[in-house]
Protein chains: 2
Amino acid sequence: MTNEEFETLLNFFKVMGNEKRLKIAGILANRDCTVRELAQMLKLKEPTVSEHLGTLKMLGLVTVRPEGNFRVYSFNSAALHTMNREMLSRGRLANLVQGEVEDSDQKVMKAFFKGDQLIAIPASRKKWLIILRWFAEKFEDGIQYPEKQVNEIILRHHGDYALIRRELVDWKFMTREKSIYWKLPTPTDLPLD
Amino acid sequence: MTNEEFETLLNFFKVMGNEKRLKIAGILANRDCTVRELAQMLKLKEPTVSEHLGTLKMLGLVTVRPEGNFRVYSFNSAALHTMNREMLSRGRLANLVQGEVEDSDQKVMKAFFKGDQLIAIPASRKKWLIILRWFAEKFEDGIQYPEKQVNEIILRHHGDYALIRRELVDWKFMTREKSIYWKLPTPTDLPLD
DNA sequence: CTCCTAATTAGGTAAATTCCGAAATAGAAA
DNA sequence: TTTCTATTTCGGAATTTACCTAATTAGGAG
């Protein structure tokens with residue numbers, strides 16, 4: 001179930017999103033350790049380390065084995081591997097939230113499309129913008145389209161290409177100069193804060 | 001620098017280790033959104049979503065572009081890729097903490113080894129165990145070694161193979177039956193990356 | 001210019017997390 | 001059995017985080 005996978009991934013991030021636990025994982029990725037060894041290296045008390053190890057163990061990221069008088073903790077590559085390969089890609093991430101959140105756009109799309117054909121024009125501005133955004137996605141960033149080609153692309157999904165074309169420009173989804181159309185390229189978004 | 005990478009990875013986990021932020025990332029992985037849209041889907045107030053988006057933006061996981069009257073947020077696959085491919089493997093993880101934590105073992109090893117030769121026997125039990133663990137690593141999990149081969153392997157690093165061999169068994173690093181020696185296999189540690 | 005709307009920042013509260021010392025447990029050793 | 005030791009569990013203090021409402025900013029539209 002996708003919801004369960006979401007929880008798994010979320011927990012993975014939560015657990016690894018703590019400095020001390022991430023370090024423990026890193027150290028154990030180098031070699032096996034006892035609780036006391038880890039406590040010394042990290043300058044923490046044993047109970048604290050023990051708790052962290054318990055958390056990591058729940059996730060399956062570490063395993064324990066008794067060895068003489070100690071309990072030796074090991075890193076378990078398999079769990080990391082699972083996260084890495086099976087969950088951490090854009091596609092996977094996208095799937096994890098499907099149905100999880102009510103997606104108002106998909107409702108709108110279902111209501112006004114049949115397949116990839118726009119079969120009705122919504123009265124509400126909000127819904128209309130959702131549809132226009134969908135049309136805008138059919139064009140690539142940074143490419144200049146002659147009007148003829150714009151029409152063609154729109155025609156694949158709706159007969160009244162002039163309406164859609166004009167609306168795309170009006171709502172600034174696209175820019176026109178003479179009869180060349182383009183999307184404003186996504187800015188590189190330099191300044192952070 | 002490895003320390004900087006550690007911080008980057010830690011922050012990545014921290015940011016994604018929050019239910020709402022992970023969902024935002026998931027939704028944006030499906031399609032671009034405005035703050036208001038996200039707020040509706042997630043049943044949060046806009047300021048809260050805005051904050052989360054700011055956090056995600058700092059990490060480079062999302063970008064913004066103005067579009068008409070709105071600010072449209074997009075998912076940035078590149079950042080995810082970086083984490084996925086360049087940081088999230090056992091080997092990488094292991095490297096991230098090298099030198100970060102003072103590794104008491106390495107001190108001990110330096111003090112009693114010359115190259116890979118054990119040249120002195122520590123008085124302290126603690127230090128002795130570190131050395132024994134090092135010797136234990138020279139043997140593979142799940143392999144049965146006849147005594148002769150055990151001796152050979154130890155001899156590569158120290159003359160008194162009988163001492164080391166006996167200590168390895170005494171301290172339960174290895175098991176002996178008749179004159180066959182083996183390590184107890186580490187449970188569930190599957191192949192790494 | 002002013003109005004309007006989307007988004008952000010400020011400030012404060014409630015909840016969750018991290019850490020520790022003290023006490024309990026489990027198991028090897030004697 | 002009792003003792004000793006490594007680890008875990010408990011209870012609570014200090015810090016951090018997530019979220020809200022209210023106020024502010026930014027920018028297009030009129």
Side-chain angles (χ1 to χ4, degrees), chain A residues 10-11 13-24 28 32-59 62-74 125-126 129-130 133 169-173 175 184 187 189 191-193, chain B residues 10-11 13-24 28 32-59 62-74 124-126 129 133 169-173 175:
Chain A
L10 178 59
N11 277 332
F13 286 139
K14 272 198 175 131
V15 169
M16 297 295 266
N18 169 280
E19 188 198 326
K20 298 298 162 46
R21 278 195 297 266
L22 185 55
K23 274 185 188 165
I24 289 175
L28 291 180
D32 298 355
C33 282
T34 65
V35 173
R36 176 152 304 169
E37 285 173 327
L38 287 167
Q40 281 181 240
M41 294 188 207
L42 297 167
K43 282 153 196 160
L44 290 175
K45 300 299 173 185
E46 275 120 350
T48 306
V49 172
S50 190
E51 240 179 272
H52 284 321
L53 284 168
T55 311
L56 286 162
K57 190 146 62 87
M58 275 204 303
L59 256 208
V62 306
T63 56
V64 213
R65 66 172 183 279
E67 194 170 277
N69 222 331
F70 303 78
R71 284 160 68 71
V72 178
Y73 280 85
S74 315
R125 166 180 304 183
K126 188 166 167 38
L129 286 175
I130 290 168
R133 197 189 319 286
V169 174
D170 279 359
W171 286 100
K172 305 259 168 82
F173 287 105
T175 307
L184 298 170
D189 207 52
L192 286 185
D193 3 19
Chain B
L10 178 60
N11 278 332
F13 286 138
K14 272 197 175 132
V15 169
M16 298 294 266
N18 169 280
E19 188 198 325
K20 298 298 163 47
R21 276 194 298 265
L22 185 56
K23 274 185 188 163
I24 289 175
L28 291 180
D32 298 355
C33 282
T34 65
V35 174
R36 178 151 303 171
E37 286 172 326
L38 287 167
Q40 280 181 241
M41 294 189 207
L42 297 167
K43 283 153 195 160
L44 290 175
K45 299 297 172 189
E46 275 121 347
T48 307
V49 172
S50 191
E51 242 180 87
H52 284 321
L53 284 168
T55 311
L56 287 162
K57 189 147 64 88
M58 275 204 303
L59 256 206
V62 306
T63 57
V64 213
R65 65 171 185 279
E67 192 170 280
N69 223 330
F70 304 79
R71 286 161 66 72
V72 178
Y73 281 86
S74 316
S124 127
R125 166 180 304 182
K126 187 167 167 40
L129 286 176
R133 197 191 315 285
V169 175
D170 279 358
W171 287 99
K172 305 258 168 82
F173 286 104
T175 308

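Convention: sequence-line order gives letters A, B, ...; per-chain numbering from 1.
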Taking only the side-chain nitrogens and oxygens of [X], find out if one of them lies under 4.0 Å from OP1 or OP2 of [N].
| X | N | answer |
| --- | --- | --- |
| B/N18 | D/dT17 | no |
| B/Y73 | C/dT8 | yes |
| B/T48 | D/dC20 | yes |
| A/R71 | C/dA26 | no |
| A/K45 | D/dT7 | no |
| A/K20 | C/dC19 | yes |
| B/R36 | C/dA6 | yes |
| B/H52 | D/dC19 | yes |

d([atom1], [X]; [atom2], [N]) in whole Å:
| X | N | atom1 | atom2 | answer |
| --- | --- | --- | --- | --- |
| B/E46 | D/dA23 | CD | P | 17 Å |
| B/K43 | D/dC20 | NZ | C1' | 18 Å |
| B/E67 | C/dT5 | CD | C1' | 16 Å |
| A/E51 | C/dA22 | CD | P | 17 Å |
| A/L22 | C/dT18 | CG | P | 13 Å |
| A/E37 | D/dT5 | CD | C1' | 15 Å |
| B/N69 | C/dC4 | CG | C1' | 9 Å |
| A/F70 | D/dT7 | CZ | P | 7 Å |

Is a side-chain donor or acceptor of A/R21 paired with a backbone partner of A/V15 at a separation under 3.5 angstrom?
yes

Sidechain N-carboxylate O distance under 4.0 Å for A/E51, A/K45
no

Flag the pair B/L28 / B/D32 as yes when at least one side-chain heavy-atom distance between them is below 4.5 Å, and no otherwise.
no

Distance-minimising heavy-atom pair for A/C33 and A/L38
CB-CG, 3.8 Å

Counting only side-chain heavy atoms from C-beta out, which of [options] sits nearest to [X]?
| X | options | result |
| --- | --- | --- |
| B/L44 | C/dC19, C/dT8, D/dC20 | D/dC20 |
| A/R21 | C/dT18, D/dC19, C/dA7 | C/dT18 |
| B/S50 | C/dA22, C/dT8, C/dA7 | C/dT8 |

Would you say the side chains of B/R71 and B/T34 form a donor-acceptor pair under 3.5 Å?
no

